[in-house]
Amino acid sequence: MKQAIVARTDVGMGQGKLAAQVAHASLSAYEETGTKARKEWKGGGQKKIVLQADGEDRIFELAEKARAEGLAHAVVRDAGHTQLDPGTVTALAVGPADEELVDKVTGDLSLY
């Protein structure tokens with residue numbers, strides 16, 4: 001079991017902003033996950049990986065792949081209070097789910 005969080009590299013987020021967006025994505029996708037998978041993931045150490053995407057189109061392409069695989073996922077849009085314009089898509093979380101399924105969606109991406 002793992003969760004993949006994909007963050008955009010093209011919007012100029014600072015380290016703190018990036019950390020906050022990754023956290024938002026992780027929690028939002030977790031909340032969409034079934035009880036059994038949540039328990040298994042939590043009991044197994046909550047494995048997660050943070051990956052790079054080069055733009056909003058890539059985030060939505062990956063979200064569609066996750067949907068097609070039946071995976072819990074969440075797209076995060078920034079509220080616009082600090083560094084980014086309101087509604088800027090910043091991140092996507094996929095899972096938690098079986099590693100093989102998550103990798104079908106995000107396996108070709110580079111680590112952040």
Side-chain angles (χ1 to χ4, degrees):
M1 296 288 287
K2 79 174 177 182
Q3 183 181 61
I5 301 102
V6 183
R8 287 180 62 184
T9 59
D10 64 320
V11 291
M13 290 183 277
Q15 291 178 349
K17 172 60 83 177
L18 174 65
Q21 299 306 298
V22 166
H24 290 319
S26 178
L27 181 59
S28 294
Y30 170 82
E31 290 175 337
E32 297 300 317
T33 303
T35 304
K36 181 180 176 191
R38 280 194 219 182
K39 288 181 181 181
E40 184 177 342
W41 183 64
K42 284 181 76 173
Q46 300 176 23
K47 181 178 181 180
K48 49 186 92 57
I49 185 170
V50 180
L51 305 165
Q52 300 179 44
D54 59 4
E56 182 176 306
D57 289 345
R58 185 71 167 132
I59 294 287
F60 285 118
E61 174 188 318
L62 294 165
E64 176 55 27
K65 285 175 77 173
R67 186 205 60 74
E69 291 293 333
L71 295 172
H73 62 284
V75 173
V76 174
R77 292 180 182 273
D78 192 64
H81 298 301
T82 57
Q83 299 176 9
L84 304 173
D85 292 333
T88 300
V89 173
T90 57
L92 161 75
V94 178
D98 290 332
E99 288 194 41
E100 298 79 23
L101 290 174
V102 174
D103 287 346
K104 284 178 77 173
V105 176
T106 62
D108 65 333
L109 302 175
S110 298
L111 291 172
Y112 204 99

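Index from 1, following the sequence.
- Lys65 is not listed as a side-chain neighbour of Lys104, based on a closest heavy-atom distance of 4.5 Å or more.
- Put simply, CG on Leu51 and OG1 on Thr9 are 11.5 Å apart, with the number rounded to the nearest 0.5 Å.
- Glu40 CD to Gln46 CD: the interatomic distance, rounded to the nearest 0.5 Å, is 13.0 Å.
- The environment of Gln15 atom CD is sparse: at most 12 non-hydrogen atoms of other residues, nucleotides or ligands sit within 6.0 angstrom.
- Looking only at distances, no side-chain donor or acceptor of Ser26 sits under 3.5 Å from a matching main-chain atom of Val22.
- Looking only at distances, a side-chain donor or acceptor of Thr88 sits under 3.5 Å from a matching main-chain atom of Asp85.
- Shortest non-hydrogen contact noted between Gln3 and Ala29 is NE2-CB, 3.7 Å.
- Tested against Leu92, the residues Ile5, Val76, Leu62, Thr106 include a single side chain to side chain contact (heavy atoms under 4.5 Å, CB included) partner, Leu62.
- Judged by distance alone, with hydrogens and angles left aside, the side-chain atoms of Arg8 form no donor-acceptor pair with the main-chain N or O of Ala53 at under 3.5 Å.
- Annotation for Lys17: atom NZ counts as buried by contact number, over 12 foreign heavy atoms lying within 6.0 Å.
- Using a 4.5 Å cut-off between side-chain heavy atoms of Ile, Leu, Val, Met, Phe, Trp and Tyr, with links allowed through other members, Val6 and Val105 fall into the same hydrophobic cluster.
- Linking ILVMFWY residues whenever their side-chain heavy atoms come closer than 4.5 Å, directly or via other members, leaves Tyr112 and Val89 in distinct clusters.
- Taken together through direct or relayed side-chain contacts under 4.5 Å among Ile, Leu, Val, Met, Phe, Trp and Tyr, Leu18 and Leu84 form part of one hydrophobic cluster.
- Lys2 has no carboxylate O lying under 4.0 Å from a charged side-chain N of Asp98, or vice versa, which leaves the two without a salt bridge.
- If you take CD on Glu32 and CG on Leu71, they are separated by 12.5 Å, rounding to the nearest 0.5 Å.
- Heavy atoms only, all atoms of each residue included: Ala37 and Pro96 are closest at CB-O, 4.4 Å.
- A heavy-atom distance below 4.5 Å is found between the side chains of Lys39 and Thr35.
- Ion pairing of Asp108 with Arg58 is present here, as a side-chain N (NZ or NE/NH1/NH2) and a carboxylate O approach within less than 4.0 Å.
- Using a 4.5 Å heavy-atom cutoff, the side chains of Lys36 and Trp41 are not in contact.
- When hydrophobic clusters are built by joining Ile, Leu, Val, Met, Phe, Trp and Tyr residues whose side-chain heavy atoms come closer than 4.5 Å, directly or via intermediates, Leu101 is grouped together with Ile49.
- Atom NE2 of residue His81 and atom CD of residue Gln83 lie 13.5 Å apart, to the nearest 0.5 angstrom.
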Practice task
Go through the steps to decide whether Phe60 and Val75 satisfy the test side chain to side chain contact (heavy atoms under 4.5 Å, CB included), and finish with yes or no.
Solution key: CA-CA 8 Å; Phe60 285 118; Val75 173; 4.1 Å; yes
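- At least one side-chain heavy atom of Tyr30 sits less than 4.5 Å from a side-chain heavy atom of Lys42.
- At a threshold of 4.0 Å, the pair Glu99-Lys47 counts as salt-bridged, since one of the basic side-chain nitrogens sits closer than that to a carboxylate oxygen.
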Practice task
Could you walk me through whether Gln52 and Leu109 pass side chain to side chain contact (heavy atoms under 4.5 Å, CB included), step by step?
Solution key: CA-CA 6 Å; Gln52 300 179 44; Leu109 302 175; over 6 Å; no
